[in-house]
Amino acid sequence: MIYKSLSNPKLTASFKEAATTGIAPDRGLYFPDHLPVLGKSFWSSYATMEKKELGFEVMKHFVGNDIDKDTLAEIAFSAIDFDLPVVRLDDHIGVLELFHGPTLAFKDVGARFMARCLGYFSAQYGEKTTVLVATSGDTGGAVADGFLGVSGVEVVILYPSGKVSPLQEKQLTALGQNIKAIEVLGSFDDCQEMVKTAFVDQQVRSTRKLTSANSINVARWLPQMLYYFVALQQKKSTDHPWVISVPSGNFGNLCAGFVAQKLGLDVAHFIAATNSNKTVPDFLHTGIWTDRTSVATRSNAMDVAHPSNWIRIEALHNNDLNTLRNHVSSFSFTDDQTMDAMQRIYNQYRYIADPHGAIGYLGLERYLQKNPNYFGVFLETAHPIKFTEVVTEALGFSPELPEGLQRLMHSEKKSTVIKNYDELKEVLMQKH
Ligand SMILES: *Cc1c(COP(=O)(O)O)cnc(C)c1O
């Protein structure tokens, strides 16, 4: 597979290059040159295919010969090697639980796949890579866990001091080994600024090979297709056509869903549900893209004003507004609506949703009101325990922390505290 920069199709890269650099030299996002055809034999065995085969059969088209067959099968399997159940709440609504991975967030899937790919490339070519990433919470934990112990890869994670939850902080700082936690005395935006500065700092770049680990990176973005494939295996012949509601921030998750649909997966329509950061719903409604700054909400993993992956979603729809509108409906919801939905979901179904999943539910509810002849699935992107403060406020209680995480909460925090870019640079200039 060849990848092209969306801002200049002449800039091309192999999967390996795209994964190990993150972004094209012109700062454009890499995008597959063409979409593969999965073929008759794939679809005739899809319904009963084991995860291991499924992962390989889908991902091989996107990775090509850059990773040998057996290794790729292992890598793809490890990304989805946990439960991905569609829990049916009633005859019209189900929830695809994506939180059964090690850090209890859907980002485990992409992070694990990407980590193992980089580990493989490092072993094959003897190149060392540094993954540099800023996190407002969930990304860092999944990346740290996915990359822990991967040789040849050092991970440097910046997070804003005092602004991530205690559990999230332990997920970043307690692991050690090749995971370096940098605690920034500043905001998430400050962290992101420093990461951007490092990426264009020639002195740093000549000391280390840097890549990113957010959904801009194709190795993190594309494997997210796999859970849509696993979900649709759970569709019953008696179900109405499926619509899927995706709680969205940077829109990588939804974008992966669209690729899966283009490959032939039987999804009738997507719903992009957002919190008050409503750049996309407003754009689909008015046709005008308005620049905004992000606002803080209770579903903080989706507090994104400039969703990076939207440009890929447009490319998948020929950059045509009407085509987009036919394939996706988008709605935004406030914090009050989110809290109310968490209460209603619990009262009606005895189901505990996290604030992000609750927004997915709200999007589905809104769509099904006008389009009743569908079976609706919303994605539960994180375990409610990760947002225990919000869940407790909505429901008056919160589920118990699983044993592994209780242990983590008691382990020691190790971080390097920094105030400014110069201090980050000092860390990065030490040879890996
Ligand atoms: C990252 C995240 C999202 C948003 O996913 P995108 O792919 O950025 O749209 C939603 N929910 C949770 C819990 C997340 O961590």
Side-chain angles (χ1 to χ4, degrees), residues 29 95-111 113-114 133-146 159 164-165 167-168 171-172 188 192 212-228 244-260 270-281 294 297-313 328 330-333 338 342 352-363 378-391:
L29 265 61
V95 42
L96 170 57
E97 294 184 342
L98 299 177
F99 57 69
H100 296 282
T103 75
L104 311 184
F106 81 96
K107 292 188 172 81
D108 283 328
V109 174
F113 185 88
M114 179 182 166
V133 67
T135 185
S136 57
D138 264 7
T139 300
V143 168
D145 185 90
Y159 74 97
V164 303
S165 78
L167 174 62
Q168 287 174 330
Q171 288 183 324
L172 301 175
F188 170 62
Q192 248 185 335
S212 64
N214 55 27
S215 52
I216 283 175
N217 193 307
V218 296
R220 213 197 102 187
W221 162 51
L222 288 169
Q224 299 182 139
M225 278 184 294
L226 297 177
Y227 45 71
Y228 292 94
I244 300 184
S245 177
V246 185
S248 294
N250 220 2
F251 282 71
N253 197 354
L254 178 65
C255 191
F258 274 125
V259 178
F270 280 102
I271 296 142
T274 74
N275 58 28
S276 299
N277 293 284
K278 56 193 177 97
T279 311
V280 167
S294 67
T297 73
R298 288 206 159 86
S299 46
N300 62 8
M302 310 199 302
D303 292 349
V304 181
H306 302 273
S308 317
N309 285 289
W310 185 252
I311 185 171
R312 284 178 169 149
I313 292 179
V328 58
S330 189
F331 311 108
S332 109
F333 301 95
T338 309
M342 289 166 73
I352 305 171
D354 94 294
H356 306 79
I359 285 179
Y361 173 82
L362 283 166
F378 68 97
L379 305 192
E380 196 26 343
T381 44
H383 194 294
I385 195 69
K386 291 201 87 172
F387 298 92
T388 178
E389 297 81 4
V390 188
V391 172

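When a ligand or atom number is given, it counts from 1 through the structure's own listing order.
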How many angstroms lie between atom [atom1] of [X] and atom [atom2] of [Y], to the nearest 0.5 angstrom?
X: His306; Y: Ile311; atom1: NE2; atom2: CD1; value: 13.5 Å
X: Asn309; Y: Asn250; atom1: CG; atom2: CG; value: 5.5 Å
X: Phe270; Y: Tyr228; atom1: CZ; atom2: OH; value: 5.5 Å
X: Phe251; Y: Phe258; atom1: CZ; atom2: CZ; value: 9.5 Å

Quick check: does [X] get an N/O under 3.5 Å from an N/O on ligand 1?
X: Phe251; value: yes
X: Thr381; value: yes
X: Ser248; value: no

Could you list the atoms of ligand 1 found under 4.0 angstrom from a heavy atom of [X]?
X: Gly252; value: 6 (P), 7 (O), 9 (O)
X: Met302; value: 10 (C)
X: Ala382; value: 13 (C)
X: Asn253; value: 7 (O)

Residue, atom name and distance, where the atom is the protein heavy atom closest to [atom]:
atom: atom 8 (O) of ligand 1; answer: Asn250 N, 2.8 Å
atom: atom 1 (C) of ligand 1; answer: Lys107 NZ, 1.4 Å
atom: atom 4 (C) of ligand 1; answer: Gly249 N, 3.7 Å
atom: atom 5 (O) of ligand 1; answer: Phe106 CZ, 3.4 Å

Could you see which bit of Lys386 sits under 4.0 Å from ligand 1, with heavy atoms only: side chain, backbone, both or neither?
neither

Kindly state whether the ring of Phe106 and the ring of Phe99 have centres lying under 6.0 angstrom apart.
no

Shortest non-hydrogen contact between Gly110 and Pro223, atoms and distance
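Closest heavy-atom pair between Gly110 and Pro223: CA-CG, 4.0 Å.
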
Asp138 bridged to Lys386 by N-O distance under 4.0 Å
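Result for this pair is yes, salt bridge flagged.
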
No-hydrogen, no-angle side-chain donor-acceptor test under 3.5 Å, Asn275 and Ser299:
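The criterion, which ignores hydrogens and geometry beyond distance, is satisfied for Ser299 and Asn275.
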
